[in-house]
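Only one structure is covered here, and it is reproduced in the block below.
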Amino acid sequence: MSHNSRNLYKLLQTCESLNTLKQLHAVAVTTSLSSDPFILAKILALSATSAFSDLSYAQQIFLRIENPKTHEWNCMIRAFSASSTPQTALSTYTQMLISGESPDNFTFPFLLRSCSRLQPPRSGELVHVHVIKCGFDGDAYVQSSLIHMYAKWGRILCAHKVFDDITAKNIVAWTTMINGYVRAGGFEEAIRLFKVMGSENVKPDEVVLTSVLGACANLGDLELGRWIHGLLGEKDVVFSTALVDMYAKCGSIDVARELFDRMPQKDVILWTVMISGYVRCNCFREAFNLFREMCSENLMPDEGIIVNVISGCARSGDIDIGKWTHHYIEVNGADYSVMIGTALIDMYAKCGEIDVASRIFLRMQEKNVCSWNAMIGGLAMHGEAYSALDLFDQMQRSGTQPDEITFIGILTACSQVGLVGKGWHYFNCMSQAHGINPKLEHYACMVDLLGRSGLLSEAEELINNMPMEPDAVVWGALLNASRIHGNVELAEKAAELLLEMEPHNHGVYVLLSNTYGSAKRWDDVDNVRKLMKSRGITKTRGCSSIKVNGIVHDFVVGDRSPVRAKEIYEKLDSLVKDLGLMGYVAKTSNVLFDIEEEEKEYQLSHHSEKLAISFGLISTSPGAPLNIVKNLRICEDCHCFAKLASKNCGRRIIIRDLYRFHHFERGSCTCGDYW
DNA sequence: TTAGGGTTAG
């Protein structure tokens, strides 16, 4: 190396921006120093893989290298492996082989990283064969890269096979394997491996412990999580973020917040973790406050945070914040991503604005299975069963493969309109045509569908033939169906099993009691109430909220204090009267007390008032006349007034057909409000 | 020049 070359090389080593690099490159060209292989290789490396890399610039340089050696090829493969087009790394590798250069131990880790980012198996398996042929299967770096690739593809057994074949496993191999299990949802296995690692005297570091924290978070293993915290304290931001996430997911949201506040430097992921922690704990106000705090600090929220905030709105039913966030996206960014679009569809659907959800869905350029699922599920939730089924056909025509969530939406849709035959068809289709084995949730949907349609013995038979143990949701569906169809015997059986599983679930007592009430078995009603009392179980009072112009109005059963209560109840009385003229007769058999018919009817209509208001049947806007909104319907079971829409104020209205509605609170019908 | 770690939608 000449004196000039050495000086230029030194300058290149201190180069920190693309501009400087380009200037130094110009110097090299004008002084003919670019013919020096060391100089050119350094310029190539900086343009291809540095923090300020420019891939097309690197490609231009590479093309001018006459006979690139393995080192230069590696440089390009490495650059492509991290680029948005990882498949280019593979074609570069092929060109390298054609050019006559051989891969070395550095080539494969880059190449395998590219493969891990592509759909399996593509060329990944072929690269694995090359690894073996070239004799690099004993290289520790290559082995870890192979484990990583298979694990990322979800082929955890292949990954484990590679792992098992390593005679001297280093900490990186252990970490890759443990993390592979965490990604695949094998949390217990991850922790088991971590313990084996300890028994083999491999000292854990913060990287492997970060993965183990992920397993603790998902298993709710606060004890192990705390132990890890005690072991390392609060290391770098990645480890500390995993700690915050672990505490939040284990329910210790306050500890998570303390840690978050203590962090000297907060990056976007840390903010996301804290906000999503609040959303998960149903602390929506805190989540939103933190989101605004972040925005006010001029930190640009990324996709993850926005998705979190929107999903918080979907769950809390706070459409105002949802719309604010939607507006924020429209103002600050152009098109929204698949994830944000999907979250918006879900939010609008759950907040009752299915038309807005549909418009967003139609506008989305790119859709994945989640987007279709959100829309199908949204339509099903709104009782638009046939639209949901049509969309399912469209989805298949578009080439998107349905998954297990899709079928939950489809079966829910069938349940809405009592499509028993179609329900069976889709249920069977799942495994036969799509290779998806029905899970507990699908069985619960089928039991619900059959049960509601009056096919109680078929529903019971399905439960008896399930390949897994039925859970509380499945028995709950049967109990509810038994209540609807007045089958006391079956209701008792379901309730008994349910109470074994969930002795404190007041909904079970309510449903059972209602079933006895329908059968006029007042002594049994009384017994259930005594049982509840002796077990210290109290029924939470039914409550609905509606937010009008930023003010939340709560309507609790029997509470007559809401704003404009007098007007509302007067309106309601006239509504009930009109309904009577229209031929509506309240079905009072579900009311539990052995009271006069007239009194029952009164209770029913005035229970319904809060729902009528909640669901927008009666406008409560200040100054606005109390109008009855169109599309009034009555729930045959619980007599609520409902509109052809649903709101997710912690409750859902599920529509079966034009004049038959059912009002649910996550699995148990709130008809139980009529105590 | 090479391998391992944190979040997020249905």
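Note that the structure is a prediction, hence the values are computed from the model and not measured. Proteins come first, then strands; the chains are lettered A, B, ... in the order of their sequence lines, and each starts at number 1.
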Just the rounded figure in Å: distance from P of dT7(B) to CE of Met246(A).
13 Å
Starting from C1' on dG5(B), measure out to CG on Asn170(A) and report it in whole angstrom.
15 Å
Of the listed nucleotides dT8(B), dG5(B), dA3(B), the one nearest the side chain of Ala140(A):
dA3(B)
Rounded to whole Å, please give me the gap between CZ in Phe239(A) and C1' in dT7(B).
17 Å
Interatomic distance where CE belongs to Met339(A) and P belongs to dT8(B) [whole Å]:
9 Å
Examine dT7(B): is either OP1 or OP2 under 4.0 Å from a nitrogen or oxygen in the side chain of Arg280(A)? Give yes or no.
no
Please determine, for the side chain of Cys370(A), which listed nucleotide (dA3(B), dA9(B), dG6(B)) has the closest atom?
dA9(B)
Using only heavy-atom distances, determine whether the side chains of Asn74(A) and Thr107(A) contain a donor-acceptor pair under 3.5 Å.
yes
For the residue pair Ser358(A) / Asp355(A), report whether a side-chain donor-acceptor contact shorter than 3.5 Å exists.
no
Applied to residues 263-281 of chain A, the side-chain hydrogen bond (donor to acceptor under 3.5 Å, both in side chains) test, sequence neighbours excluded, yields Arg257(A)-Tyr278(A)
Under 3.5 Å, is there a donor-acceptor pair between the His229(A) and Glu234(A) side chains?
yes
Just to be sure I understand the geometry, which residues of residues 150-158 of chain A put a non-hydrogen atom under 4.0 Å away from DNA chain B?
none
Taken to the nearest whole Å, OH/Tyr278(A) to P/dT8(B) is 16 Å
With the threshold set at under 4.0 Å for non-hydrogen atoms, list the residues of residues 250-268 of chain A touching DNA chain B in residue-number order.
Asp267(A)
Check the geometry between Phe106(A) and dT2(B) and answer yes if their rings are stacked (centres below 5.5 Å, planes below 30°), otherwise no.
no
Identify which nucleotide among dG6(B), dG4(B), dA9(B) has an atom closest to any side-chain atom of Asn368(A), counting heavy atoms from C-beta outward.
dA9(B)
Sugar-phosphate, base or nothing in reach of Leu146(A), heavy atoms under 4.0 Å
nothing
Is there a side-chain contact between Arg113(A) and the phosphate of dA3(B), meaning an N or O under 4.0 Å from OP1 or OP2?
yes
Side-chain N or O of Asn105(A) versus OP1/OP2 of dT2(B): is the shortest distance under 4.0 Å?
no
For Trp324(A), enumerate each residue passing the ring-ring contact (aromatic ring centres under 6.0 Å, His included) test, keeping only those at least two apart in sequence or located in another chain.
Phe288(A), Tyr328(A)
Taking only residues two or more places apart in sequence or in another chain, which ones pass ring-ring contact (aromatic ring centres under 6.0 Å, His included) with Tyr57(A)?
His25(A)
ring-ring contact (aromatic ring centres under 6.0 Å, His included) partners for Phe80(A), two or more places apart:
none
How many whole angstroms separate atom CG of Asn74(A) from atom P of dT1(B)?
12 Å
Rounded to whole angstrom units, what separation is found between the CD1 atom of Ile166(A) and the C1' atom of dA3(B)?
10 Å
Nucleotide dG6(B), atom C1' - distance to CG of Asn308(A) in whole Å:
14 Å
Using the side-chain hydrogen bond (donor to acceptor under 3.5 Å, both in side chains) rule, collect all pairs that involve residues 125-142 of chain A, keeping only residues at least two apart or in two chains.
Tyr93(A)-His130(A), Glu125(A)-Arg155(A), His128(A)-Tyr150(A)
Does Phe62(A) have any ring-ring contact (aromatic ring centres under 6.0 Å, His included) partners at least two apart in sequence or in another chain, and if so, which?
Trp73(A)
Considering only distance and modelled atom types, tabulate donor-acceptor pairs under 3.5 Å from the side chains of residues 179-189 of chain A, sequence neighbours left out.
| residue | atom | partner | partner atom | Å |
| --- | --- | --- | --- | --- |
| Asn179(A) | OD1 | Arg183(A) | NE | 3.2 |
| Asn179(A) | ND2 | Ser211(A) | OG | 2.8 |
| Tyr181(A) | OH | His160(A) | ND1 | 2.5 |
| Glu189(A) | OE1 | Arg192(A) | NE | 3.1 |
| Glu189(A) | OE2 | Arg192(A) | NE | 3.4 |
| Glu189(A) | OE2 | Arg192(A) | NH2 | 2.9 |

